**Q** 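The structure follows.
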Amino acid sequence: MRFSNLFGKTARQMPAETESISHQLLLKSGMIAQEAAGIYSYLPLGWKVLQRIEAVVRDEMNKAGGQEVLLPALQPFSLWEKTGRNVSFGESLFCLTDRKKHKLVLGPTHEEVVINLVRRYVQSYRDLPVLLYQLQTKFRDELRPRGGLLRVREFIMKDLYSFDTSEEGLAQNYERMTQAYKNLYASLGLPVLMVEADSGAIGGKDSHEFIVITDNGEDEVIHCPQCNYAANVEKAHSFKEESIKTPPLPLQEIATPEVKTIEEVAEYVGVPARQTLKSVFYIADGEFIFVVIRGDTNINETKLKNVLQCSTFKMATEAEVVRAGLVSGSASPIGIKKLKIVGDSSIASGTNFVTGANKQGYHFQNANCPRDFQVDLLKDIALAQAGDNCPFCKGKLLSCHGIEVGHIFKLGTSLSEKLGAFFQGEDGSPYPIVMGCYGIGIGRLLASVVEKHHDDKGIIWPSSISPYQVHFCPLHINDPEISSIANKIYKDLQENNVTVLFDDREESPGVKFNDADLLGIPLRLTLSPRTLQKQEIEIKWRTQKQASTLPLQDYVKELKALLKENTNDTAL
RNA sequence: CGGGGUGUGGCGCAGGGGUAGCGCGCAUGGUUUGGGACCAUGAGGUCGGAGGUUCAAAUCCUCUCACCCCGACCA
């Protein structure tokens with residue numbers, strides 16, 4: 001490719017109004033362009049990289065036994081009603097109506113469609129297992145798109161669906177896909193952490209995420225450095241500091257003027273925060289929910305939402321709290337009769353808690369569950385935090401942030417049953433197909449690679465996905481001799497199947513070198529009067545400061561040897 | 001959905017009642033060329049949108065839209 005013909009321009013200044021480094025570099029290098037919030041165009045270079053990532057992903061999916069298909073983005077709404085996921089996806093589902101007034105959705109994922117397809121072709125256990133996958137555009141009306149390609153509303157996803165006759169078969173495919181994912185991240189030079197995850201709107205049982213650890217990642221991971229337990233914070237379990245257990249004392253009301261927060265209450269009464277109870281209020285599917293948890297811990301809203309099995313969920317506003325007859329700052333479950341109360345397990349493990357008296361300026365001391373109050377549900381709804389103890393080895397848990405670059409689910413049979421996907425077993429009876437699904441956001445993968453592989457000058461592509469193998473920079477290209485040799489080299493490289501970006505522009509060396517660094521192609525070739533005089537060509541790796549030279553007569557052979565040697569060297 | 005911020009040539013910004021200016025980029029010509037060269041000439045916007053105030057609005061007021069960032073938080 002001649003640089004002079006390349007569509008898209010590199011910018012001198014970083015684009016304004018951007019925060020994440022991948023967003024900045026991808027815009028600055030002219031690889032992507034924004035159209036609207038969370039909606040991007042890929043320009044030729046960015047698209048080339050994306051396609052190379054797709055090739056790596058395809059390769060691994062094929063090796064794992066996947067067969068590629070292409071399912072429709074436009075899907076009947078009625079399919080979503082059958083699984084009920086029109087409700088769980090809620091507002092993030094893009095809905096539209098056709099001219100015949102039929103409701104359609106722009107697919108945010110493809111379980112419904114793929115099951116509906118598979119059920120027509122799978123009748124017998126002999127037809128299973130089968131693994132289908134696609135690379136397809138997904139549409140999700142995200143709450144807040146952010147970070148350039150990191151969270152968008154339209155994106156290409158690789159989604160694979162496994163169909164098995166049994167849980168054992170599913171487990172095998174789950175394991176196979178796990179390995180395929182690990183291989184693919186390694187090819188891309190991405191270090192990932194596999195963590196236990198909440199299955200969210202997709203539904204299902206077991207679920208794992210693959211996380212690239214970076215500070216500006218949206219997801220929080222709790223992990224144990226001792227035993228390698230790792231889970232998304234939404235899912236993570238932990239051991240908190242032991243509750244205080246003393247013989248129950250009589251409930252006692254005390255005046256606590258001007259005392260509101262847990263810290264203030266604990267200090268005023270003279271007990272540690274873990275001997276207080278915190279009351280928090282939510283509205284779930286329109287119902288007011290009273291949640292009570294130990295004062296030193298926080299509520300994991302994902303766990304709470306799962307416990308409540310609701311589809312809409314939010315914190316109650318001050319007005320709603322007042323309307324429920326509660327006193328902010330002094331609320332407690334004691335004496336609450338008409339509201340649904342959810343308690344965290346932590347409240348049953350201790351005694352003599354301090355909690356509100358449901359009266360402005362007063363608290364209770366020595367509250368005990370179930371003596372003084374009862375809860376409708378007692379579950380683990382606590383947020384695991386750094387510093388808590390590991391649930392397996394009691395080591396101190398750590399927390400870090402990361403980008404979710406893959407998510408796999410053991411779906412089981414619930415969607416199959418809802419959509420009528422059954423097979424006939426050896427015994428002649430019908431069984432629901434056992435399903436798994438496995439997703440990777442390709443654009444997010446691209447952004448993650450940039451987040452991990454860049455320096456202050458620009459992107460550093462791993463050779464496995466670089467848009468070109470070589471960036472060729474002839475200097476003084478208006479010199480006829482340089483120009484003719486440069487063109488010959490360009491031709492030579494192409495004839496030798498080396499992909500090359502040929503900077504044939506009449507730009508100064510600084511411009512060319514800076515653009516080369518920004519674009520991040522791993523190998524740079526430079527031809528100039530200086531190198532020509534010695535009958536040499538300069539060669540420099542993007543990752544290295546120093547350049548070296550190759551003899552002009554024989555450079556192609558040596559270059560190809562170097563490329564071959566380094567092609568697998570993606571674990572940077 | 002709440003909070004904060006920003007909208008002025010392709011990009012980055014300044015201007016803050018008297019109908020727009022800088023840098024980069026772009027075009028033409030010339031001189032340059034190993035880490036974002038220089039000179040000259042030139043093209044390109046009517047200031048996110050709508051309404052209002054005013055003799056006069058990019059500038060003041062009202063509404064609205066878009067984009068960015070934070071939070072979806074313990075009462």
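Naming convention: chains lettered A, B, ... in sequence-line order (proteins, then strands); numbering from 1 in each chain. Every value quoted in this text rests on a predicted model; they were computed, and no experiment measured them.
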**Q** Could you please name the partner base of B:G16, counting Watson-Crick and G-U wobble pairs only when both distances are under 3.5 Å?
**A**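 Check on B:G16: unpaired, no WC or wobble geometry under 3.5 Å.
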**Q** Give the rounded distance in Å between these two atoms: CZ of A:Arg274 and P of B:C74.
**A**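 To the nearest whole Å, that distance equals 23 Å.
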**Q** Give the rounded distance in Å between these two atoms: CD of A:Glu220 and P of B:C73.
**A**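 Spelled out: CD on A:Glu220 to P on B:C73 is 15 Å.
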**Q** Could you work out the separation of B:G5 and B:G23 based on their P atoms and round it to a whole Å?
**A** 31 Å
**Q** Across all strands, who's sitting opposite B:G29 as a Watson-Crick or G-U wobble pair, both distances under 3.5 Å?
**A** B:C39
**Q** OP1 or OP2 of B:G25 less than 4.0 angstrom from a side-chain nitrogen or oxygen of A:Arg12, does that happen here?
**A**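 Looking at the OP1 and OP2 atoms of B:G25, one of them is under 4.0 Å from a side-chain N or O of A:Arg12.
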**Q** What's A:Ile262 touching, base or sugar-phosphate or nothing? Going by heavy atoms closer than 4.0 Å.
**A** sugar-phosphate
**Q** Suppose you measure atom C1' in B:A20 against the same atom in B:U8; what distance do you get, rounded to whole Å?
**A** 9 Å
**Q** To the side chain of A:Lys278, which of B:A75, B:G71, B:G36 is closest?
**A**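 Between B:A75, B:G71, B:G36, the one nearest the side chain of A:Lys278 would be B:A75.
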**Q** Between A:Ser399 and A:Glu220, is any side-chain donor less than 3.5 angstrom from a side-chain acceptor?
**A** yes
**Q** Are A:Lys240 and A:Asp388 ion-paired here, with the side-chain N under 4.0 Å from a carboxylate O?
**A** yes
**Q** Are A:His363 and A:Thr256 close enough that a side-chain donor and a side-chain acceptor fall under 3.5 Å?
**A**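 There is such a pair (donor and acceptor under 3.5 Å, judged by atom type) between the side chains of A:His363 and A:Thr256.
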**Q** Between B:U46 and B:G10, how far apart are the P atoms? Round to whole Å, please.
**A**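 To the nearest whole Å, 8 Å.
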**Q** Taking B:G18 as the reference, what is the distance to B:A58 when you measure between their P atoms (whole Å, please)?
**A** 10 Å
**Q** What integer number of Å spans the P atoms of B:A14 and B:U6?
**A** 10 Å
**Q** OP1 or OP2 of B:C68 versus the side-chain N and O atoms of A:Gln34: is any pair under 4.0 Å?
**A**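 Answer is yes, contact under 4.0 Å.
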**Q** Picking from B:C24, B:G35, B:C74, which would you name as closest to the side chain of A:Asn298?
**A** B:C74
**Q** From B:A37, B:G35, B:C74, pick the nucleotide closest to the side chain of A:Val511?
**A**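 Ranking B:A37, B:G35, B:C74 by closest atom to the A:Val511 side chain puts B:A37 first.
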**Q** Which nucleotide in the list B:G34, B:C74, B:C67 gets nearest to the side chain of A:Arg524?
**A** B:G34
**Q** Starting at CZ of A:Phe7 and ending at P of B:G10, how long is that distance when rounded to a whole Å?
**A** 14 Å
**Q** Can you list the steps and then say if A:Asp380 with A:Val307 is a side chain to side chain contact (heavy atoms under 4.5 Å, CB included)?
**A** CA-CA 9 Å; A:Asp380 169 27; A:Val307 163; over 6 Å; no
**Q** Between A:Ser41 and A:Glu35, does any side-chain donor sit less than 3.5 Å from a side-chain acceptor?
**A** no
**Q** Regarding A:Glu506, tell me which of base, sugar-phosphate or nothing describes its non-hydrogen contacts under 4.0 Å with the strands shown.
**A** nothing
**Q** For A:Leu277 and B:A75, what is the distance between atoms CG and P respectively, to the nearest whole Å?
**A** 12 Å
**Q** Using the side-chain heavy atoms of A:Arg153, tell me which of these nucleotides is nearest: B:U33, B:A75, B:C67.
**A**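 Closest nucleotide to the A:Arg153 side chain: B:C67.
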**Q** Using whole Å, report how far CG of A:Asp517 lies from C1' of B:G34.
**A**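 After rounding, the reported distance stands at 13 Å.
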**Q** Distance between the C1' atoms of B:A40 and B:C47, in whole angstroms?
**A** 30 Å
**Q** Between P on B:C74 and CD on A:Glu264, what's the gap in Å once rounded to a whole number?
**A** 13 Å
**Q** Which residue lies toward the 5' end of RNA chain B, A:Asn478 or A:Glu301, if each is placed at its nearest nucleotide?
**A** A:Asn478
**Q** Could you check A:Ala331 against A:Lys28 and say which one's nearest nucleotide on RNA chain B is further toward the 5' end?
**A** A:Lys28
**Q** Under 3.5 Å, is there any donor-acceptor pair linking the side chain of A:Ser508 to the base of B:G36?
**A**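 It does not, because no donor-acceptor pair links the side chain of A:Ser508 to the base of B:G36 below 3.5 Å.
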**Q** Could you walk me through whether A:Leu149 and A:Tyr42 pass the side chain to side chain contact (heavy atoms under 4.5 Å, CB included) test, one step at a time?
**A** CA-CA 10 Å; A:Leu149 258 27; A:Tyr42 285 89; 3.7 Å; yes
**Q** Would you indicate what A:Gly30 reaches in the nucleic acid, counting non-hydrogen atoms under 4.0 angstrom: base, sugar-phosphate, or nothing?
**A**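 No contact at all - A:Gly30 keeps every heavy atom at 4.0 Å or more from the nucleic acid.
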**Q** With rounding to the closest Å, how many angstrom separate the C1' atoms on B:C61 and B:C26?
**A**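 My reading of the C1' atoms in B:C61 and B:C26 gives 39 Å.
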**Q** Distance check, C1' atoms only: B:G12 and B:G25, in whole angstrom units.
**A**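 Result for the C1' pair: 11 Å, nearest Å.
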**Q** The side chain of A:Val280 lies closest to which of these nucleotides: B:G36, B:G35, B:C74?
**A**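 Comparing B:G36, B:G35, B:C74 against the side chain of A:Val280, the answer is B:C74.
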**Q** Base, sugar-phosphate alone, or nothing: which one does A:Ala37 contact when heavy atoms must sit under 4.0 Å apart?
**A**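 Answer is sugar-phosphate: A:Ala37 comes under 4.0 Å of backbone atoms only.
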**Q** Please say which of A:Arg505, A:Arg524, A:Lys457, A:Lys9 ends up in a salt bridge (charged side-chain N to carboxylate O under 4.0 Å, His left out) with A:Asp515.
**A**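 In the set A:Arg505, A:Arg524, A:Lys457, A:Lys9, the residue that makes a salt bridge (charged side-chain N to carboxylate O under 4.0 Å, His left out) with A:Asp515 is A:Arg505.
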**Q** From C-beta outward on A:Thr10, which listed nucleotide comes closest to its side chain: B:G36, B:G35, B:C73?
**A**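 Ranking B:G36, B:G35, B:C73 by closest atom to the A:Thr10 side chain puts B:G36 first.
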**Q** May I ask which nucleotide in the shown strands pairs with B:C67, Watson-Crick or G-U wobble, both distances under 3.5 Å?
**A** B:G5
**Q** Determine which nucleotide pairs with B:G10, using a 3.5 Å limit on both distances of a Watson-Crick or G-U wobble pair.
**A**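 WC or wobble partner is B:C24.
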**Q** We want to know whether A:Ser207 and A:His407 form a side-chain donor-acceptor pair, criterion being a heavy-atom distance below 3.5 angstrom.
**A**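 Looking only at side-chain atoms, A:His407 and A:Ser207 do form a donor-acceptor pair, the distance falling under 3.5 Å.
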**Q** Just checking A:Thr531: base, sugar-phosphate only, or nothing, at a heavy-atom cut-off of under 4.0 Å?
**A** base
**Q** So which nucleotide from B:A72, B:G34, B:A37 ends up closest to the side chain of A:Pro509?
**A**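 Between B:A72, B:G34, B:A37, the one nearest the side chain of A:Pro509 would be B:G34.
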**Q** For A:Ile299 and B:C73, what is the distance between atoms CD1 and P respectively, to the nearest whole Å?
**A**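 Rounding to the nearest Å, CD1 of A:Ile299 and P of B:C73 are 12 Å apart.
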**Q** Quick check: any donor-acceptor pair below 3.5 Å linking the side-chain of A:Glu538 to the base of B:G34?
**A**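 Flag set: donor-acceptor pair detected.
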**Q** Specify the separation, in whole Å, of atom CZ of A:Arg144 and atom P of B:G2.
**A** 15 Å
